[in-house]
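Everything below concerns the one structure shown next.
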Amino acid sequence: TQYIINMLINKRFILASSSVSRYKILKQANLNFSRITPSCDEGIIKKKLKARNTSFTLIPKKLAYEKAYSISKDHPGKLVIGVDTVIVFDGMVVDKVANKRSAENKIKKFSGKKHKIISAVSAFQNKEEVWNCHEKTIVEIRDLSTEEIKKYVKTCGTDIFGSVGCYQIEKHGPQIIKNINGDFFNVMGLPLFPLLNFLKKFNIKK
C-alpha cells in the first residue's frame, strides 16, 4: 500500500463528492486530490431510477457515473472520481433521515437484522468513463432495546443524519454493529482498495 501511496503523492485527481467521510478516507491515505461537489441533481436521478425499478446495484453505479461526468466535462484532462452508496434493507433502497425520531425508527427496524451496503466508483477522463467498480458489504446490527436506541441517537447527535444507515462506523457505529461481512471502508462509503489498485495502474499508464 505504501508503494501505491508514494506513487500517487504528486498525482492529482478530483473527487466528485461533498462527502466528509470519503474526503477523510482519501486524506488519511495521504493522497493528493481536490474535491468538487457534483453539479448533477442526485435526488432527481435516484428518484427516476427507483421509479423504473432499477436494480439495486445499478442505482449507485449510475449515480457515481453521473457525478464523475458532471465534473469531467468541465475539467479536460483531469481524472475525476465519482462515488455513490446505497443501503438495501427489506427489499428497498433506504433514504437518509432528517430528524431524531426518524433515526430512532430506522435503527429500530435494523435492530437484530442485516442490511446490504452497495458502493460504486466511476472514474472519468475527458468526459469518458475509464474504469468502474462496485462493492457489497453486509452489516448486522445488534438486537437493541428502545432505551439503547434512544441513548445511542442522543450520543451521536445530528451527525448521523448525514449517514444513510444512521450510524458512522468510524465514530459510534461499533456500539450497535454486531458484525460486518465485507469491505470495512465500503461501510464508510468508499471501496478504498479497488480504487487504489486502479490509481496505481492509471499512474503507470499515464
Side-chain angles (χ1 to χ4, degrees), residues 1 4-5 7-8 11-88 93-96 116-138 162-165 169 182-206:
T1 302
I4 298 171
I5 291 171
M7 292 179 67
L8 294 170
K11 178 78 176 178
R12 293 189 64 84
F13 62 91
I14 299 172
L15 175 65
S17 176
S18 59
S19 167
V20 174
S21 61
R22 290 178 187 134
Y23 176 81
K24 286 182 177 178
I25 290 172
L26 294 177
K27 275 296 180 183
Q28 287 169 359
N30 202 31
L31 301 182
N32 189 13
F33 66 99
S34 55
R35 179 173 58 154
I36 301 176
T37 300
S39 58
C40 59
D41 194 318
E42 299 174 43
I44 290 177
I45 295 171
K46 182 180 281 189
K47 189 175 181 179
K48 287 180 178 178
L49 291 171
K50 289 168 72 174
R52 296 172 190 159
N53 292 319
T54 305
S55 73
F56 297 138
T57 302
L58 193 56
I59 291 175
K61 289 181 75 172
K62 179 65 174 174
L63 282 163
Y65 181 100
E66 293 295 339
K67 289 177 183 180
Y69 174 75
S70 73
I71 302 301
S72 180
K73 62 186 176 66
D74 296 324
H75 293 80
K78 281 286 189 178
L79 178 66
V80 181
I81 305 297
V83 190
D84 193 75
T85 301
V86 298
I87 289 181
V88 179
V93 172
V94 176
D95 294 318
K96 290 181 181 179
K116 184 185 295 182
I117 297 176
I118 308 173
S119 291
V121 184
S122 178
F124 265 73
Q125 189 177 44
N126 295 320
K127 298 188 288 185
E128 290 188 7
E129 188 178 53
V130 295
W131 176 80
N132 68 71
C133 80
H134 70 275
E135 195 78 33
K136 298 179 182 179
T137 303
I138 304 297
S163 169
V164 180
I169 194 169
D183 187 336
F184 172 85
F185 288 105
N186 189 37
V187 182
M188 295 174 66
L190 177 63
L192 179 61
F193 297 118
L195 176 58
L196 286 177
N197 288 333
F198 160 71
L199 290 172
K200 175 186 175 183
K201 293 175 183 177
F202 181 86
N203 192 64
I204 291 171
K205 289 179 182 178
K206 299 301 174 182

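In this structure, V121 and F198 have side chains that are not in contact, with every pair of non-hydrogen atoms separated by 4.5 Å or more. Side chains of Y69 and V80 form no contact here, defined as non-hydrogen atoms less than 4.5 Å apart.
Closest approach of K46 and L63 over heavy atoms only: CE-CD1, 3.8 Å. Contact detail for E129 and S122: the closest heavy-atom pair is OE2-OG, 2.6 Å. The shortest non-hydrogen separation linking I71 to A16 is CG1-CB, 3.7 Å. When all heavy atoms of V164 and V94 are compared, the pair lying nearest together is CG1-O, 3.4 Å. What you find for A64 and A120 is that their closest heavy atoms are CB-O, 3.6 Å. The nearest pair of heavy atoms linking G82 to A68 is N-CB, 3.7 Å.
Atom-to-atom distance recorded for L195:CG and K200:NZ is 14.0 Å, nearest 0.5 angstrom. For the atom pair CD1 (I118) and CD1 (I59), the distance works out to 8.5 Å, reported to the nearest 0.5 Å. Taken from CG in N32 to CZ in R12, the straight-line distance is 4.5 Å, to the nearest 0.5 Å. Atoms CG and NE2, on L58 and H134 in that order, are 10.0 Å from each other to the nearest 0.5 Å. Here CD of E66 is found 14.0 Å from NZ of K61. Values are rounded to the nearest 0.5 Å. Taken from CG in L49 to CD in E42, the straight-line distance is 11.5 Å, to the nearest 0.5 Å.
A parallel orientation is assigned to the rings of F13 and F33, their planes being inclined by less than 30° (bins at 30° and 60°).
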Go through the steps to decide whether L196 and F193 satisfy the test side chain to side chain contact (heavy atoms under 4.5 Å, CB included), and finish with yes or no.
-> CA-CA 5 Å; L196 286 177; F193 297 118; 4.2 Å; yes

Dump the intermediate steps for side chain to side chain contact (heavy atoms under 4.5 Å, CB included) on K136 and I117, then the final yes or no.
-> CA-CA 6 Å; K136 298 179 182 179; I117 297 176; over 6 Å; no

How far apart are the C-alpha atoms of K48 and T54, what are their side-chain angles, what is the distance that settles it, and do they pass the side chain to side chain contact (heavy atoms under 4.5 Å, CB included) test?
-> CA-CA 9 Å; K48 287 180 178 178; T54 305; over 6 Å; no

Applying side chain to side chain contact (heavy atoms under 4.5 Å, CB included), run through I36 and L15 and close with a yes or a no.
-> CA-CA 6 Å; I36 301 176; L15 175 65; over 6 Å; no

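Counting only distance, with no hydrogens or angles, the side chain of T137 and the backbone of G182 share no donor-acceptor pair below 3.5 Å. Side-chain atoms of R35 never come within 3.5 Å of backbone atoms of I14 as a donor-acceptor pair (strictly under, hydrogens ignored). Between the N126 side chain and the G77 main chain, a donor and an acceptor come within less than 3.5 Å of each other. The backbone N or O of F185 lies less than 3.5 Å from a partner atom in the side chain of D183, making a donor-acceptor pair.
Within a 6.0 Å sphere centred on NZ of K127, other residues, nucleotides and ligands contribute 12 heavy atoms or fewer. In the displayed structure, K78 atom NZ is contacted under 6.0 Å by more than 12 heavy atoms of other residues, nucleotides or ligands.
A side-chain contact (heavy atoms from CB on, under 4.5 Å) with K67 holds for exactly one of P38, S17, S18; it is P38. For the side-chain contact (heavy atoms from CB on, under 4.5 Å) with V187, the lone residue among T85, I169, I87 that qualifies is I169.
A salt bridge is defined here as a Lys NZ or Arg NE, NH1 or NH2 lying under 4.0 Å from an Asp or Glu carboxylate O, and K47 with D95 fails to meet this definition.
Listed by first and then second residue, the ring pair (Phe, Tyr, Trp, His ring centres under 6.0 Å) pairs involving residues 41-65 are Y65-F124 (not counting sequence neighbours).
For the residue pair N186 / S119, a side-chain donor-acceptor distance below 3.5 Å is found, with atom types taken as modelled. Checking S21 against S19 by side-chain atom types alone, a donor-acceptor pair falls below 3.5 Å.
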